[in-house]
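Comments concern the structure below.
These numbers come from the heavy atoms of this one structure, side chains and all, not from hydrogens, waters or symmetry mates.
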Amino acid sequence: MWTCSKCRQSNDDRSTICAHCGAARSAGRFSQGVQPRQTPMARYTPSGSPSRAGTGYMLFGALLAVLIPVALLLLSIFTRKHWIQELYLAMNPGASGIPLDDFKTNLIYWCASAVCVLAATLPGLWTIGIGKALRRLARVEDRL
C-alpha cells in the first residue's frame with residue numbers, strides 16, 4: 001500500500017495513480033516484487049468550492065475603472081470656463097477679449113478631456129487584469 005501525497009488516501013501497490021484524486025505516484029517507490037498495473041487516468045474532481053482568488057482585485061478595479069473617469073469628467077465639465085480661457089490665451093497671446101464659444105479652443109479642450117478620461121481608466125483595468133491573473137494562478141495551483 002502507498003499513500004497519495006496530495007489527498008493522503010491509501011492505494012494498492014500495483015496502481016500508478018491515486019484512485020481518489022488521480023494524482024500520479026512518485027517514481028522509484030515501487031516494491032521489488034510488484035509490477036505496477038497500468039490503469040487509465042481517473043478524472044480529478046476537486047472536493048472543495050472553486051477558488052475565489054482575485055475577486056477583491058477585480059471588484060476594486062471595476063470601481064476604479066468607473067469612479068476615476070467619472071470624477072475627471074465632472075471636473076472637466078465644472079472647470080471648463082477657466083481652462084478654455086487659459087487655452088485661448090495660450091493659443092492667442094495678444095488677445096484681449098476671451099470668447100468661450102471659439103470652436104477651435106473648445107475642440108482642443110474636449111479632445112484633451114476625452115484622452116484624459118480614457119487614460120484614467122487604465123489603473124482600474126490593470127487592477128482587473130491582476131485579479132484575473134490571480135484567479136488563473138489559483139486554478140493552476142488547484143490542479144497540481
The criterion is side chain to side chain contact (heavy atoms under 4.5 Å, CB included); which residues satisfy it with Val66, sequence neighbours excluded? Val70

Contacts of type side chain to side chain contact (heavy atoms under 4.5 Å, CB included), residue Leu87, not counting sequence neighbours: Met91, Thr105, Ile108, Tyr109

Interatomic spacing from CZ in Arg135 to OH in Tyr57 - rounded to 0.5 Å: 14.0 Å

Least distance between heavy atoms, Pro69 atom then Leu64 atom: CD-O, 3.6 Å

If you group Ile, Leu, Val, Met, Phe, Trp and Tyr by side-chain heavy-atom gaps below 4.5 Å, do Ile68 and Phe60 land in one group? yes

How long is the straight-line distance from CG of Asn11 back to OG1 of Thr3, given to the nearest 0.5 Å? 8.0 Å

Those residues that, when tested against Cys7, pass side chain to side chain contact (heavy atoms under 4.5 Å, CB included) (two or more places apart): Cys4, Gln9, Cys18, His20, Cys21

Which pairs of donor and acceptor atoms, one on a side chain in residues 123-131, lie under 3.5 Å apart (sequence neighbours left out)?
from   : atom 1 : to     : atom 2 : distance (Å)
Thr127 : OG1    : Pro123 : O      : 2.8

Distance col, row Ile84:CD1 vs Asp102:CG, nearest 0.5 angstrom, shows 9.0 Å

Could you grab the distance from atom CZ of Arg80 to atom CD of Gln85, nearest 0.5 Å is fine? 10.0 Å

Linked hydrophobic residues, Leu59 as query - side chain contacts closer than 4.5 Å: none

For Leu73, all residues meeting side chain to side chain contact (heavy atoms under 4.5 Å, CB included), sequence neighbours excluded: Ser76, Ile77, Val117

